[in-house]
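Following: one structure in structure tokens, then a few remarks.
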Amino acid sequence: MYIRSIRTRITIWYTSLLTVTLLIVGGAAYGLLSYSLSHEMDSALHSVAGALIERDLGRSATLLPSEIDQAFRRFFGFSPWDQYFQMRDPSGNRDELRSLPSTGKLPLSRNALANALRGLSSFETVEGLGEYPVRVLTMPVMESGRVINMIQVGMSLKNIDETRLRFLLIMAGVLPLGLILAASVGWLVAYRALKPVGRMTAAARRIGAEDLSQRLNETGTGDELDNLAKTLNQMLNRLDAAFSQIRRFSADASHELQTPLTILKGEIELVLRSARTQEEYRVTLESALEEVDRIAHLVEGLLLLARAEVGILRMDRQEVDLVQVVEEVYLRLKPLADSHRIELRLGSIEPLCVQGDRERLQSMTINLVDNAIKYTGAGGSVTLELQRESRWASILVSDTGIGIPIEEQEHIFQAFYRTSEVRSLTERGTGLGLAIAQSIAVAHGGTISVESSPGQGSSFKALIPIAS
Ligand code: ADP
């Protein structure tokens, strides 16, 4: 079964882990307790037997129960009433005279007898002597390396068993209580820790595509949830910027398309209002064709940008000689520059080849040179250069034109952006040239940058990686 609530899952995990830990710790404590109790009893029995032997009991005729009692008292701290003591001769027969008569008879196992004859002591647990098992120590009494007697002391395991049982009962009571307490505390802690997540979910639900200005609350604590809120807010900032860009792009695109369409419609309506001469129709149609060309150009540019945006711009990948590209652009735009009385010249040209789409690289360069001519006054100059910059081929277009204010430089690569100075000029650009040029450079793994000072000129640099 899958549990949806993280809080419940954390609590279950936590409680299960705690249960396992407590069981392991409890088991270990129980084992340790049993071991040390048994160990203590064995060493006490050993000491009792040792003390009795030391008092020369091995040879004395009779035993006084008070002596045994004393020995038990000394080593156990009290004298258990079901204590056992008996003496045996080396063949294992019970010496009735020297055994404590009040208690039951301790058996002598074959193993204990064999050990005693070899001079070794044995500990055994014997059942059936009373309600509880009895721990028995069989110890030989030695004299000049010979076994002269065997002493057996025993004590009921009643106390040990009762202590163990008490421990188990305490554990059985405390463990579930502790677990219930720990689970409740765990649940509360998880509830408190995850509460901000609920608030964040509610806030995130309120933020729609239409209202991307809202942000999640940042607590400023620097914890994981605060980091999450920060990250989501950064994402919202990017989304907001992207949405605004899309909105601006659509508005600009419609506006740019509407202008030539309005002109086209006006011209056609005007010419249809009354009968016209052949010549007048021709002039109107030519002008209409110009507007249609402009619309086609715009749509083509928009399509290219849209494709580049989603990464499906069709591109040839072949070796392109950039010298040829630059020279062709130069020859193609020289007449335009001449007609504007601008000197278009070729600067230093290095032989360089790149992998890419010849047509697109050419139209990228045309865009840059065309702009340079458009935004340079008569008498100015435009220089076209091709140089190597480490692993890049750099196509440099510098002009002595109107320049671009610093604060506007970062915007000019956006579609439809025109600097304030240019907006007042009569020259009608599409506003897509640099955006398209940048997309082409990026599609080749390169980039275009600008350096410019208003009134002095601009210099556009396209960097394309050189074919290795
Ligand atoms: P446009 O069709 O308006 O030229 P672009 O995308 O090619 O559109 O250029 C965007 C804007 O960048 C231009 O409108 C102009 O303001 C500015 N710009 C581009 N190239 C130059 C240049 N060489 N000198 C000055 N301004 C430039």
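Remember, it's 1-based here, ligands and their atoms both numbered in the order they're listed. Every heavy atom of this structure was used, including side-chain atoms; hydrogens, water molecules and symmetry mates were not.
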At a 4.0 Å threshold, what atoms of ligand 1 neighbour a non-hydrogen atom of [X]?
X    : answer
Y417 : 10 (C), 11 (C), 14 (O)
K374 : 1 (P), 2 (O), 4 (O)
A372 : 23 (N)

Practice problem: Run the contact test for N367 against ligand 1 with a 4.0 Å cut-off on heavy atoms, strictly below, and give the result. | Solution: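 Contact absent.
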Quiz item: Touching ligand 1 at all, F416? Heavy atoms, strictly under 4.0 Å?
Solution: no
Exercise. Can you spot which of T376, I342, V382 makes a side-chain contact (heavy atoms from CB on, under 4.5 Å) with T400?
Key: T376
Among [options], which one puts a heavy atom closest to [atom]?
atom                    : options                : answer
atom 2 (O) of ligand 1  : G431, G433, G401, A435 : G431
atom 26 (N) of ligand 1 : D370, I404, V369, I373 : I404
atom 19 (C) of ligand 1 : I436, T419, N371, V397 : N371

Lys/Arg-Asp/Glu bridge criterion (N-O < 4.0 Å) met for [X], [Y]:
X    : Y    : answer
K158 : E162 : yes
E256 : R418 : yes
E286 : R282 : yes

Quiz prompt | Residue pairs, two or more places apart or on separate chains, that pass ring-ring contact (aromatic ring centres under 6.0 Å, His included) and touch residues 386-412 | solution =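 Counting only pairs at least two positions apart or across chains, the ring-ring contact (aromatic ring centres under 6.0 Å, His included) contacts touching residues 386-412 are H411-Y417.
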Quiz item: Who passes ring-ring contact (aromatic ring centres under 6.0 Å, His included) against Y191, sequence neighbours left out?
Solution: W187
Exercise. Tell me, with the steps shown, if V329 and V326 meet side chain to side chain contact (heavy atoms under 4.5 Å, CB included).
Key: CA-CA 5 Å; V329 172; V326 166; 5.8 Å; no
Quiz item: Taking heavy atoms and a distance under 4.0 Å, where does L432 meet ligand 1: side chain, backbone, both or neither?
Solution: backbone
Quiz item: Is L434 close to ligand 1, meaning an N/O of one under 3.5 Å from an N/O of the other?
Solution: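 Checking ligand 1 against L434, an N or O pair does fall under 3.5 Å apart.
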